Amino acid sequence: MERAMTKIQKIKGFADLFPEEAAQYTRMEAVARDTFARYGFGELRTPLLEKTELFAKSIGEDTDVVGKEMFTFPDRKDRSLTLRPEATAGVARAFIESGAHQPGKVSKYFTFGPMFRYERPQKGRQRQFHQINAEVFGAPEAQADGELILMLRTFLNRLGLTKLTIELNSLGCHECRPGYRQALIDYYRSKDRRNFCEDCRRRMDTNPLRVLDCKVPACKELVKDAPVITDHLCDDCRAHFADVRAILDGAGAAYELNPRLVRGLDYYVRTCFEVSSHDIGSQTAVAGGGRYDGLIRNLGGPDCPGTGFACGMERLALLLGPAELPRPDFYLAVVDESAANEAMLFAQQLRDKGLTGEVSFGAGSMKSRMRAANKSGAKACLILGGSEVADGTVTVKYMAVEREQETLDREGYLASL
RNA sequence: GUGGGUGUAGCUCAGUUGGUAGAGCACCUGGUUGUGGCCCAGGUGGCCGUGGGUUCAAGUCCCAUCACUCACCCCA
């Protein structure tokens, strides 16, 4: 045969998940659903595609995500659309658009699904990746932040992940952050600018908080004695932060205070946190979130506070290892090929009884059938050969258990299930 | 966008100073009548990523290109 056309391959940074891997995601979603329901969160599904403007306004024009990482393209009428790079913007948009908000009312939503960012793929990072998200609207209280972090922790624990680090910080608000920002700039000016890395020399003017997060050793050293945000919080922010910590302390949830913790999206204020692991490559963030009290209003909605988190499923999958697929109840070995139709109909009856299993196809020896049954992991191999076809029976061979195989009347066997 | 690494059988990988390819696993068939796992024997399967170049001869050397991968950046 002639060589076919070039194989079409998937695009960079997009992955196919076959059953074993897909099962991990299904499990994460199931545990998330069950856990979040305990906290009164309802599922919200929003579109994968939104107007570009939504992300520009919410995430921030100057962020890397908006500046160079979005899948943006014009539609047929030349309107700029973008595949969502994160979930919060869309959820906030939906919340505002629904008009559901009333003063004093708290709304809690979770969502999960694919997000898209045009970055170079590496371990723990795909261009299409998946997040589990939770958002709380209408609750300015520290208790909402505390509940959210405890919920995230519970979710991770229930997945079996108990060795993750929770880092916590407060970013202050529009009252106290400017003062801190200035203090930072003053501090940088007291140092020799040339000793900072190239990125930081730029960042110290545009986004001085980011410099704190730099991984370049020289910068880390220079920044060691920089003023910390938590010393510059206003009274309200200080009290708010203390409450969040008190809740975590009271619940026995371990965390580390990290005054250098900064989020990459512009909308965060006050509470900010990150869950990390060092076992998944250089990308250590498993989940992250915080408070975004100004976001709803920025998007044209009411003056409504918000707080939430996002959790990266690819990174969880790296920690969780392979999922176990459920074992089927039967493997129907058809040894007499002329009974193929009869066998398929019998299998249908078994499935109507709620059993799981598959039927062999085509021709094959008894030995090959048994090997296939073994590989399928089925609890029982049901044999339909010449003699069974002749007298309406089926031979049941129990795999991996001490029990004699038996040949039974097919109708009677079905009735016994 | 910038670096490094890797592309040989379905999978994981060997392949010696250049002489047109091998292992393990997987798969298939057997080891007497219709019975799996372990073991044994045999077998199917490779344009050595792609395109050029050097050479009598290229999986091996050179160039280009594509893909994958790790890292930077940034983030979940």
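Here is the naming used below: chain letters follow the sequence lines, and residue numbers restart at 1 for every chain. None of the values given here were measured: they were computed from a predicted structure.
Going from the C1' atom of B:U60 to that of B:C73 covers 37 Å, rounded to whole Å. Using atom P as the reference point in both B:U50 and B:C56, the two lie 25 Å apart (nearest Å). Here the separation of B:C38 from B:C68, taken at their C1' atoms, is 38 Å to the nearest Å. The gap from the C1' atom of B:C28 to that of B:C13 amounts to 23 Å, rounded to the nearest Å. Look at the C1' atom in both B:G46 and B:G52: the space between them is 23 Å, to the nearest Å. Of the P atoms belonging to B:A67 and B:U29, the separation is 40 Å, rounded to the nearest Å. Only the P atoms considered, B:C62 is 27 Å distant from B:G1, to the nearest whole Å. With P as the reference atom, B:G24 and B:A64 are 38 Å apart, rounded to whole Å.
Proximity of a side-chain donor or acceptor of A:N157 to a complementary backbone N or O of A:L161 within less than 3.5 Å is detected. The backbone N or O of A:T356 lies less than 3.5 Å from a partner atom in the side chain of A:D329, making a donor-acceptor pair. In this structure a side-chain-to-backbone donor-acceptor pair under 3.5 Å is present from A:E388 to A:G385. With A:Q24 contributing its side chain and A:G321 its backbone, the two residues share a donor-acceptor pair below 3.5 Å.
Not one side-chain nitrogen or oxygen of A:K68 sits closer than 4.0 Å to the OP1 or OP2 atom of B:U2. Look at A:K367 and you won't find any side-chain N or O under 4.0 angstrom from OP1 or OP2 of B:C28. Between A:R371 and B:G37 there is a side-chain polar atom (N or O) within less than 4.0 angstrom of OP1 or OP2. Checking the phosphate oxygens (OP1, OP2) of B:C72, a side-chain nitrogen or oxygen of A:Q122 falls inside 4.0 Å. Checking the phosphate oxygens (OP1, OP2) of B:A71, no side-chain nitrogen or oxygen of A:K123 falls inside 4.0 Å.
Across residues 280-289 of chain A, A:G281, A:S282, A:Q283, A:A285, A:V286, A:A287, A:G288 each have a non-hydrogen atom less than 4.0 Å from an atom of RNA chain B (numbered order). For the segment residues 22-42 of chain A, the set of residues with a heavy atom within less than 4.0 Å of an atom of RNA chain B is empty.
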With salt bridge (charged side-chain N to carboxylate O under 4.0 Å, His left out) as the test, would you mind laying out the steps for A:E50 and A:R93 before giving the verdict?
-> CA-CA 10 Å; A:E50 298 271 5; A:R93 193 226 80 236; 2.5 Å; yes
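For the pair A:R127 and A:Y118, the cation-pi test (distance below 6.0 Å, angle within 45°) is passed. Both cation-pi conditions hold for A:R245 and A:F241: the charged atom is under 6.0 angstrom from the six-membered ring centre and inside a 45 degree cone around its axis.
Between A:F36 and A:F309, the two ring planes are perpendicular [angle over 60°; tilted spans 30° to 60°]. Note: A:Y39 and A:F41 have perpendicular aromatic rings, judged against thresholds of 30 and 60 degrees for the angle between ring planes. Between A:F346 and A:Y413, the ring planes lie tilted relative to each other; the angle falls in the 30° to 60° range.
Under the 4.0 Å criterion applied to side-chain N and carboxylate O atoms, A:E86 and A:R84 are not assigned as salt-bridge partners.
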Determine which bases of RNA chain B form Watson-Crick or G-U wobble pairs with both distances under 3.5 Å, and write the result as a 5' to 3' dot-bracket string with | for other-strand partners.
-> (((((((..((((........)))).(((((.......))))).....(((((.......))))))))))))....
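Atoms CD (A:E135) and P (B:A76) sit 12 Å apart, rounded to a whole Å. Rounded to an integer number of Å, the gap from CD of A:E314 to C1' of B:U69 is 17 Å. Regarding A:Q9, its CD atom lies at a distance of 17 Å from the P atom of B:U65, rounded to whole Å. The nearest whole Å value for the distance from the CD atom in A:E404 to the P atom in B:G36 is 14 Å. Per the geometry, CD1 belonging to A:I11 stands 16 Å off C1' belonging to B:C66, to the nearest Å. Between the CZ atom of A:R369 and the P atom of B:C28 there is a distance of 11 Å, given to the nearest Å. Atoms NZ (A:K375) and P (B:C38) sit 10 Å apart, rounded to a whole Å. Atom P of nucleotide B:G34 and atom CD of A:Q405 are separated by 14 Å, given to the nearest angstrom.
Nearest-nucleotide positions on RNA chain B for A:S365 and A:K12 put A:S365 closer to the 5' end. Residue A:T395 is the one, among A:T395 and A:G13, whose nearest nucleotide of RNA chain B lies closer to the 5' end (criterion: closest heavy atom).
For A:R120, the listed nucleotide lying nearest its side chain is B:A71; candidates were B:C75, B:C27, B:A71. Distances were taken from every side-chain heavy atom of A:E388 (C-beta onward) to each of B:G34, B:C68, B:C73; the shortest belongs to B:G34. Here B:G34 is the nucleotide among B:G34, B:A76, B:G36 with the atom lying nearest to any side-chain atom of A:M366.
One N or O donor and one acceptor, one from the side chain of A:N374 and one from the base of B:G36, sit under 3.5 Å apart.
Side-chain contact between A:K123 and A:L318: present, with at least one pair of heavy atoms (C-beta onward) separated by less than 4.5 Å.
Contacts of A:I383 with the nucleic acid, taken as non-hydrogen atoms under 4.0 Å apart, include base atoms. At a threshold of 4.0 angstrom between heavy atoms, the contacts of A:K397 include nucleobase atoms, whether or not backbone atoms are also involved. As judged by a 4.0 angstrom heavy-atom cut-off over every strand, A:E86 is placed among residues making no nucleic acid contact. Within the 4.0 angstrom heavy-atom criterion, no nucleotide atom of any strand lies near A:A372. Base engagement by A:R125 is indicated by at least one non-hydrogen atom pair under 4.0 Å involving a base atom.
Not less than 6.0 angstrom separates the ring centroid of A:Y255 from the ring centroid of A:F273. If you look at A:H130 and A:Y25, their ring centroids are closer than 6.0 Å. Proximity of the aromatic rings of A:H101 and A:F95 is defined here by a centroid distance below 6.0 angstrom, and this criterion is met.
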